[in-house]
Amino acid sequence: MKFRVFANMIKQGFQGLNRNRSMGMVSIVSIAIVLVILGLMLIMVLSINQLVMDTNKKMDQIDIFIEDKFDVPDIEAMADQISAIGGIKKIRFKSPAEGLKELKSSWGENAWLLDEYEDEEKNPIPKSFEIRVNNIEDAEAVAKKLGKMDGVWKVNYFSKEIEQMLAISRYIQIGGIFMVGFLSLVSIFLMSNTIRLAVNSRRTEISIMKWIGATDAYIKGPFFIEGVLMGFIGSLIAFLIVAFGYRYFYLEAINNVTGLLSSAIVPPSFFYSDMAVIFATLGIGIAALGSLISLKRFLRV
């Protein structure tokens with residue numbers, strides 16, 4: 001295609017957008033609304049996924065309690081045996097005194113109730129190993145191997161909680177993909193119908209161009225450019241709304257939210273660049289595809 005022809009298509013695309021400002025505005029607003037909803041969905045999915053992953057990191061601990069008859073040499077040999085299992089990030093032995101100290105710390109103001117057990121002979125806390133796994137998904141397999149070791153009488157880990165969190169994580173990923181796909185289809189449908197109205201008002205012009213020998217590519221070009229422009233403007237508006245809106249929410253939330261929920265508040269800088277690319281790609285792609293779908297039947301002369 002000659003540069004002059006391509007330049008003329010771009011010029012006609014801008015002119016078409018200017019001539020059909022009302023229809024163009026409807027298309028731009030449609031794209032912006034869908035992308036804003038999509039952006040909010042992505043932030044929600046990202047935030048919940050971040051919360052799940054943060055919680056998973058706190059559940060990667062396995063505690064094994066060992067029999068009292070095991071002395072220092074036996075404990076050292078057991079530590080080597082545990083390390084050989086694989087998939088383990090960290091091992092820490094806890095004496096009964098350390099176990100009691102941690103228990104008292106968790107009891108807060110009621111810790112004094114455990115003071116009588118500080119005597120070594122009265123301390124009911126058994127010797128134990130605190131084990132951290134590399135991957136939370138391997139926790140069950142590691143726990144089973146630990147339970148088969150000599151001298152281990154009990155294994156504690158967040159089995160049900162881990163299963164639930166992993167299931168939630170999978171549902172979030174599947175749900176996020178489904179919502180992105182659904183909203184993209186809705187966007188294409190809205191865009192194609194909106195542009196179809198604009199094209200319908202110019203069907204006589206398209207028919208004349210076809211009869212005098214204009215190629216389909218030449219006819220599609222200006223409409224394609226027009227769609228790309230509308231998609232770009234719509235995606236830019238959507239990005240600015242989501243970016244500034246979430247930035248305001250983030251600044252308010254970090255000062256008022258504490259605890260576990262605070263880990264779900266993702267910093268805006270974490271996704272700005274990715275969201276800009278996603279919005280531009282979807283906005284332009286949806287608008288361009290909607291334009292081409294709308295033009296298809298009008299080119300049959």
Side-chain angles (χ1 to χ4, degrees), residues 47-169 172 253-267 270:
S47 299
I48 296 176
N49 198 55
Q50 178 75 13
L51 178 61
V52 171
M53 295 305 296
D54 186 69
T55 306
N56 281 348
K57 289 178 182 178
K58 297 176 182 177
M59 291 184 177
D60 65 350
Q61 179 177 321
I62 300 174
D63 294 309
I64 62 170
F65 300 99
I66 58 180
E67 298 173 0
D68 291 336
K69 65 180 182 180
F70 275 63
D71 295 324
V72 175
D74 300 315
I75 291 171
E76 291 177 349
M78 183 176 287
D80 293 336
Q81 191 177 353
I82 293 171
S83 299
I85 290 177
I88 293 174
K89 178 169 55 178
K90 184 180 178 181
I91 302 172
R92 183 170 79 92
F93 173 74
K94 288 195 295 187
S95 65
E98 289 175 314
L100 180 62
K101 184 178 179 181
E102 289 185 5
L103 183 61
K104 291 181 69 175
S105 177
S106 67
W107 278 35
E109 296 179 356
N110 297 318
W112 62 272
L113 295 172
L114 300 173
D115 287 346
E116 63 177 295
Y117 299 108
E118 289 188 354
D119 187 325
E120 186 176 345
E121 295 182 358
K122 295 182 179 180
N123 189 345
I125 307 297
K127 300 171 185 176
S128 65
F129 278 101
E130 180 184 289
I131 300 165
R132 299 274 180 176
V133 295
N134 288 322
N135 192 337
I136 194 169
E137 295 180 358
D138 298 331
E140 184 176 358
V142 172
K144 286 181 179 179
K145 292 178 181 178
L146 292 171
K148 295 178 181 179
M149 292 175 56
D150 292 335
V152 175
W153 64 272
K154 189 175 182 181
V155 178
N156 274 353
Y157 78 107
F158 299 96
S159 57
K160 292 183 179 178
E161 290 81 357
I162 289 173
E163 290 178 4
Q164 291 173 353
M165 295 305 287
L166 291 175
I168 290 172
S169 182
I172 289 171
I254 58 175
N255 295 322
N256 298 296
V257 179
T258 57
L260 186 62
L261 287 177
S262 62
S263 63
I265 304 174
V266 183
F270 187 76

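Side chains included, hydrogens not; waters and symmetry mates left out as well; all remaining heavy atoms used.
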Completion exercise
Residues passing the side chain to side chain donor-acceptor pair (under 3.5 Å) test with Asp63, sequence neighbours excluded, are Gln61
Problem - Leu146/Ile85 under side chain to side chain contact (heavy atoms under 4.5 Å, CB included): CA gap, chis, key distance, verdict - result: CA-CA 8 Å; Leu146 292 171; Ile85 290 177; 3.4 Å; yes
Fill in the blank from the handout: In this structure, CG of Asp115 is separated from CG of Leu100 (nearest 0.5 Å) by 8.5 Å
Handout entry: Spacing of Arg132 atom CZ and Arg92 atom CZ [to the nearest 0.5 Å]
Key =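 It comes to 9.0 Å.
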Smallest separation among heavy atoms of [X] and [Y], with atom names:
| X | Y | answer |
| --- | --- | --- |
| Ile91 | Ser83 | CD1-OG, 3.2 Å |
| Asn123 | Pro96 | ND2-O, 2.9 Å |
| Phe93 | Ser128 | CD1-O, 3.3 Å |

How about [atom1] on [X], more than 12 heavy atoms from neighbouring residues, nucleotides or ligands closer than 6.0 Å, or not?
| X | atom1 | answer |
| --- | --- | --- |
| Lys94 | NZ | yes |
| Asp150 | CG | no |
| Phe65 | CZ | yes |

Practice task
Taking the side chain as every heavy atom from C-beta outward, state whether Met149 and Ile82 have any atom pair closer than 4.5 Å.
Solution key: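 Side-chain contact under 4.5 Å: yes.
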Handout entry: Min side-chain heavy-atom separation Ser95-Lys127 under 4.5 Å
Key =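 They are not in contact (no side-chain heavy atoms under 4.5 Å apart), so the answer is no.
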Show which side-chain atoms of residues 74-81 pair as donor or acceptor with protein atoms under 3.5 Å away, not counting sequence neighbours.
residue : atom : partner : partner atom : Å
Asp74   : OD2  : Asp71   : N            : 3.3

